[in-house]
A.B. asks: 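After the structure tokens below, expect a handful of questions from me.
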Amino acid sequence: MRRTLLFLLALGGTYACGVYTGPSGPKNTYALARVGAQQLPVPLDGNAPLPLLVADTFRLASDRSKSESLILQQTTVIQQTADGKLLRRDASFVYRIDQGNLIYDNCPVGSFCLASLVYAPRIFQVIGDSLFEVVQPGLQTPPHVYGLVRY
């Protein structure tokens with residue numbers, strides 16, 4: 001009996017370790033590493049000193065309440081004034097993976113957006129542990145590059 005109990009405890013401990021150290025499935029977090037060739041923080045308005053983009057993260061998850069929709073939760077941190085106070089913005093978007101690209105419309109979940117007029121999809125090529133933004137031809141915005149955050 002004692003051996004059986006020890007075996008079950010060891011088996012349970014092994015299972016628990018697998019749960020915590022195994023792959024995270026669709027729940028991955030990516031942090032913005034650079035914008036074009038610039039490291040963070042970067043100015044939001046070209047060469048103006050403020051506001052600054054301090055941090056930006058994507059968390060990829062599924063939404064159990066909406067028929068397993070894939071949800072991208074974005075957290076953006078911006079410094080708007082010279083006193084160093086930070087503004088944090090959180091938003092959720094529906095995303096999909098198509099031919100090695102992560103694609104999401106930048107219209108937040110639950111918002112009323114005129115998609116074709118104002119909001120366009122953002123496309124990221126998935127290469128290894130990184131997301132490389134695919135910038136539409138003719139746009140002057142530098143591409144964003146996100147890296148997988150490992151815990």
Side-chain angles (χ1 to χ4, degrees), residues 12-151:
T14 303
Y15 174 74
C17 287
V19 169
Y20 292 112
T21 62
S24 60
K27 295 180 182 178
N28 294 314
T29 301
Y30 291 86
L32 182 61
R34 61 184 169 87
V35 177
Q38 292 183 315
Q39 302 294 322
L40 296 179
V42 296
L44 284 177
D45 299 325
N47 295 327
L50 291 171
L52 291 173
L53 176 60
V54 176
D56 193 21
T57 59
F58 292 163
R59 183 173 167 268
L60 308 180
S62 61
D63 183 2
R64 305 242 183 259
S65 66
K66 294 187 179 180
S67 69
E68 297 296 322
S69 295
L70 297 174
I71 301 295
L72 182 150
Q73 297 169 329
Q74 182 178 23
T75 300
T76 305
V77 178
I78 297 171
Q79 179 183 347
Q80 291 186 313
T81 59
D83 64 4
K85 289 187 181 180
L86 301 175
L87 170 69
R88 176 185 165 137
R89 295 188 302 198
D90 294 303
S92 296
F93 307 92
V94 175
Y95 79 93
R96 69 183 188 280
I97 302 291
D98 185 21
Q99 298 180 5
N101 292 321
L102 181 145
I103 304 166
Y104 78 93
D105 287 322
N106 58 355
C107 177
V109 171
S111 298
F112 178 73
C113 303
L114 300 174
S116 62
L117 297 177
V118 179
Y119 296 92
R122 287 187 76 187
I123 302 170
F124 293 88
Q125 189 174 16
V126 181
I127 301 175
D129 290 343
S130 300
L131 303 175
F132 294 86
E133 185 174 21
V134 177
V135 178
Q136 302 301 322
L139 291 179
Q140 300 298 321
T141 58
H144 291 65
V145 178
Y146 292 79
L148 181 65
V149 175
R150 297 190 188 276
Y151 296 98

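Side-chain atoms are counted along with the backbone in the values below, which use heavy atoms only and exclude waters and symmetry mates.
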A.B. asks: Go through it in stages, so that I can follow the logic: the residues are L50 and Q79, the test is side chain to side chain contact (heavy atoms under 4.5 Å, CB included), and I'd like the CA-CA distance, side-chain angles, deciding distance and then a yes or no.
C.D. replies: CA-CA 7 Å; L50 291 171; Q79 179 183 347; 4.2 Å; yes
A.B. asks: When you compare the side chain of I123 with that of Q125, does any pair of heavy atoms fall below 4.5 Å?
C.D. replies: no
A.B. asks: Compare all side-chain heavy atoms of R122 with those of V134 and state whether any distance is below 4.5 angstrom.
C.D. replies: no
A.B. asks: Say you draw a straight line from CG of D105 to OG of S111; how long is it, rounded to the nearest 0.5 Å?
C.D. replies: 12.0 Å
A.B. asks: I'd like to know if the side chain of D83 and the backbone of K85 have a donor-acceptor N/O pair within less than 3.5 Å.
C.D. replies: yes
A.B. asks: Can you check side chain to side chain contact (heavy atoms under 4.5 Å, CB included) on L44 and L52, steps first, answer last?
C.D. replies: CA-CA 6 Å; L44 284 177; L52 291 173; over 6 Å; no
A.B. asks: For Y146, check ring pair (Phe, Tyr, Trp, His ring centres under 6.0 Å) against everything at least two apart and list the hits.
C.D. replies: F58, F124
A.B. asks: Is there a side-chain contact between T75 and R88 (heavy atoms, below 4.5 Å)?
C.D. replies: yes
A.B. asks: Do the side chains of V126 and N101 get nearer than 4.5 Å, heavy atoms only?
C.D. replies: no
A.B. asks: Please report the C-alpha distance between Y95 and I103 in whole Å, then the side-chain angles of each, then the deciding distance to 0.1 Å, and finally whether the side chain to side chain contact (heavy atoms under 4.5 Å, CB included) criterion is met.
C.D. replies: CA-CA 6 Å; Y95 79 93; I103 304 166; over 6 Å; no
A.B. asks: Heavy-atom distance under 4.5 Å between the side chains of I78 and V54, does that happen here?
C.D. replies: no
A.B. asks: Run the side chain to side chain contact (heavy atoms under 4.5 Å, CB included) check on V94 and L72 step by step: do they pass?
C.D. replies: CA-CA 6 Å; V94 175; L72 182 150; over 6 Å; no
A.B. asks: Are the side chain of E133 and the backbone N or O of P143 linked by a donor-acceptor pair below 3.5 Å?
C.D. replies: no
A.B. asks: Should F93 and Y104 be marked as a ring-ring contact (aromatic ring centres under 6.0 Å, His included) after you check the CA-CA gap, both sets of side-chain angles, and the distance that decides it?
C.D. replies: CA-CA 7 Å; F93 307 92; Y104 78 93; 5.0 Å; yes
A.B. asks: For the atom pair OG1 (T57) and CD (Q73), what is the distance rounded to the nearest 0.5 Å?
C.D. replies: 9.5 Å
A.B. asks: Counting C-beta onward and ignoring hydrogens, is there a side-chain heavy-atom pair between P51 and D45 closer than 4.5 Å?
C.D. replies: yes
A.B. asks: Does a side-chain heavy-atom distance below 4.5 Å link L60 with L70?
C.D. replies: no
A.B. asks: What I want to check is whether the side chains of Q74 and D56 have a donor and an acceptor closer together than 3.5 Å.
C.D. replies: yes
